Structures are given as structure tokens and as C-alpha cells.
Amino acid sequence: MSSWKWFLLSLLGGGIVFWIPDVVVPALDRNEQGYAVTVACPAALILFYAAVLRVRKSERLGPSTAIFAICEMWVLALWFTMVAQTIRGGGFRGFTWSEFGYVLISSFLPTRIVEFVTLEGSIIALWVGTAAMIICHFAFERGRWIIPPRLWAALHRRASG
């Protein structure tokens, strides 16, 4: 598999797999207060990571699955928490286009993500998942890239020249 395919799988797969329990748990039990989500979200992410790492075992190079999973789970946080709140009875109900733009822009602002995810009740899961992926990156993927090698070389040449 090419580096770009691993990049997209790591990015989209890690984020989506992390947040799926946040949507499924309220669908099963609307009164759940976040305890199951706190355990299920990081557990799902670690299982995804282990599966991808096992498939990529023979490849030494390529993108870091852990780091790109962290990036996408933070970017997708507001969208999945809104879907979870919609299932609970709030969220996207009565949502306007201006609010859609606000959520889109807020998806790239860490302070807003922390604020909204805290209000939704999944902040501990987000911090645990982030810490787990940082540990996994340093333990298992230290040699894999975060910045693509061609871009890194171009930046390095420009800085030295």
C-alpha cells in the first residue's frame, strides 16, 4: 500500500473509529453519563491501531498511524459529539447554516474542541486516547514520518539556503 493510502487510513480511520462509540452508546442508552464512552472510545482506537500496525508490520517507512489518528480525532470531535447530542435529543435539531460554519471553523480550534467535548462529557476519553497514541507512536513508530520526507527536505533546503 502506498504512503498516501496509509496516511488516509490512519487519518480518517483513527478519528472515525475513536468517535463511533460516542454515537453508539447514547443510541443504546440515552441516560448514559459518559462512563462507557470514556472506556469504549480509547479502547476502539487502540484496537484499530493494533490492527493497522499488525498489517503494516513489514513496512518500516511511511506515515505514523498514531499521530495522524490523533489529528483526525481532534478535528472530528465536534461533529461526532453533535451527532451524539442529536441522538440524546439536542445537537443538530434546529441547526442553521451559520451554526454549521461555526462548528466547521471551531473544529480546527483546540480551545473550542476542549470546551465543547467537556460539555458533552467525552473529554477524559479524548485525553486518554491522545495520550495512548502518543505513547504508541514513541513505542512502535518512532521511525515513521509525521511530515512527509519530500516536504521536510524542501523545508530543510529552504531554511539552510
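The model shown is predicted, which means the values in this text are computed figures rather than measured ones. Along the sequence shown, residues are numbered consecutively beginning with 1. Just so it is clear, the values below take in all heavy atoms, side chains as well, and ignore hydrogens, waters and symmetry mates.
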When rounded to the nearest 0.5 angstrom, what is the spacing between OG1 in T81 and CG in L76?
10.0 Å
Residues P42 and A125: closest non-hydrogen pair is CG-O, 3.7 Å
Which atom of I123 lies closest to which atom of V117, heavy atoms considered
N-CG1, 3.5 Å
Side-chain heavy atoms under 4.5 angstrom apart, residues restricted to Ile, Leu, Val, Met, Phe, Trp, Tyr: same cluster for I113 and L104?
yes
Which is it for I16 and E72 under the side chain to side chain contact (heavy atoms under 4.5 Å, CB included) test, yes or no, and what are the steps along the way?
CA-CA 8 Å; I16 292 170; E72 194 63 14; over 6 Å; no
Side chain to side chain, S107 and L78, heavy atoms closer than 4.5 Å:
yes
Group every Ile, Leu, Val, Met, Phe, Trp and Tyr by side-chain heavy-atom contacts under 4.5 Å, then state whether L119 and V23 land in the same group.
yes
Would you check if the side chain of W19 reaches a backbone N or O of M73 as a donor-acceptor pair within less than 3.5 Å?
yes
Please report the shortest heavy-atom distance between D22 and C41, naming the atom on each side.
N-SG, 3.8 Å
Transitively linked via ILVMFWY side-chain contacts under 4.5 Å: I20 with V25?
no
Which atom names give the shortest non-hydrogen contact between L9 and V52, and what distance separates them?
CD2-CG2, 4.1 Å
Between P63 and the options R144, R56, K5, the side chain to side chain contact (heavy atoms under 4.5 Å, CB included) test singles out R56
When hydrophobic residues are tied together by side-chain contacts of less than 4.5 Å, even through go-betweens, does Y102 share a cluster with F80?
yes
Indicate yes or no: at least one non-hydrogen side-chain atom of V75 is less than 4.5 angstrom from one of F108.
yes
Please round to the nearest 0.5 Å and tell me the distance separating atom CD of E115 and atom CG of L109.
10.5 Å
Atom pair CD1/OG of I134 and S64 - distance to nearest 0.5 Å:
10.5 Å
Kindly check if the number of other-residue, nucleotide or ligand heavy atoms within 6.0 Å of CG (L53) is above 12?
yes
Under 3.5 Å, is there a donor-acceptor pair between the R54 and Y49 side chains?
no
At what distance, to the nearest 0.5 angstrom, does CH2 of W6 lie from CG of L61?
13.5 Å
Polar side-chain atom of E120 near backbone of Q85 as donor-acceptor pair, under 3.5 Å:
no
Contacts of type ring pair (Phe, Tyr, Trp, His ring centres under 6.0 Å), residue F100, not counting sequence neighbours
W79, W97
Given V39 and Y35, is the side chain to side chain contact (heavy atoms under 4.5 Å, CB included) satisfied, shown in steps?
CA-CA 7 Å; V39 174; Y35 305 114; over 6 Å; no
Go through it in stages, so that I can follow the logic: the residues are I46 and M133, the test is side chain to side chain contact (heavy atoms under 4.5 Å, CB included), and I'd like the CA-CA distance, side-chain angles, deciding distance and then a yes or no.
CA-CA 8 Å; I46 290 170; M133 288 298 101; 4.3 Å; yes
Does the side chain to side chain contact (heavy atoms under 4.5 Å, CB included) test come out yes or no for V114 and W74, once each step is laid out?
CA-CA 9 Å; V114 169; W74 277 80; 3.7 Å; yes
Where S122 and V37 come nearest, the two heavy atoms and their spacing
OG-CG1, 3.7 Å
To the nearest 0.5 Å, how far apart are CG in L126 and CZ in F18?
5.0 Å
Find out whether I135 and F140 are in side-chain contact, i.e. whether some heavy atom of one side chain is under 4.5 Å from a heavy atom of the other.
no
Here the gap from H137 atom NE2 to I67 atom CD1, rounded to the nearest 0.5 Å, amounts to 4.5 Å
How close do F68 and I146 get, heavy atom to heavy atom, and via which atoms?
CZ-O, 3.2 Å
I124: which residues meet the side chain to side chain contact (heavy atoms under 4.5 Å, CB included) condition with it, sequence neighbours left out?
T38, V128
